[in-house]
Amino acid sequence: IGITRRKHSRVPLQGVFRVQIDGQWQEIPTTTISVGGFGLQEGSDLQIGQSYRGEILSTHFGLPVFCVAEVLSKQKNGTW
């Protein structure tokens, strides 16, 4: 219906979100980043409403960005 909750513009980000899920490390490709969060290309093991401690790795950053990320939604095309 054309209503968006987005408060901050997103920019493209080539990198990965490195996260441990059920004892296994996964690197999920990132798509975008903003002040309010980031998008992922895939992540079928992620659960909406759950929080995950991990790090964002990208050649655009000099160091890893450590974060706790809460999964808010999944798009119909499978992106997060």
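Computation of the quantities below employed the complete heavy-atom set of this structure, encompassing side-chain atoms and omitting hydrogens, waters and symmetry-equivalent molecules. On a predicted model such as this, the values are computed, not experimentally measured, just so you know.
Among residues at least two apart or in separate chains, salt bridge (Lys or Arg N to Asp or Glu O under 4.0 Å) pairs with a member in residues 46-73 are Arg18-Glu55.
As a member of the Ile/Leu/Val/Met/Phe/Trp/Tyr network built from side-chain separations under 4.5 Å, Val16 groups with Leu57.
Side-chain contact between Ile48 and Leu72 is absent, with no heavy atoms from C-beta onward closer than 4.5 Å. Looking at Phe38 and Leu13, their side chains never come closer than 4.5 Å, going by heavy atoms from C-beta outward. With a 4.5 Å cut-off on side-chain heavy atoms, Phe17 and Pro29 do not count as touching.
Taking Thr59 as the reference, nothing meets the side chain to side chain contact (heavy atoms under 4.5 Å, CB included) condition, with sequence neighbours excluded. The side-chain hydrogen bond (donor to acceptor under 3.5 Å, both in side chains) check on Ser58 picks up nothing, with sequence neighbours excluded. For the side chain to side chain contact (heavy atoms under 4.5 Å, CB included) test, residues two or more places apart in sequence or in another chain that qualify with Val11 are Ile33.
Annotation for Ser9 and Ser34: closest pair O-CB, 3.1 Å, computed over non-hydrogen atoms. Across every non-hydrogen atom of Thr30 and Ile56, the tightest pair is CG2-CG2, 4.5 Å. In terms of heavy-atom proximity, Asp45 sits nearest to Gln26 at OD2-NE2, 2.7 Å.
Tyr52 contributes no side-chain N or O that, together with a main-chain N or O of Val71, makes up a donor-acceptor pair within less than 3.5 Å. The backbone N or O of Gly39 lies less than 3.5 Å from a partner atom in the side chain of Thr31, making a donor-acceptor pair.
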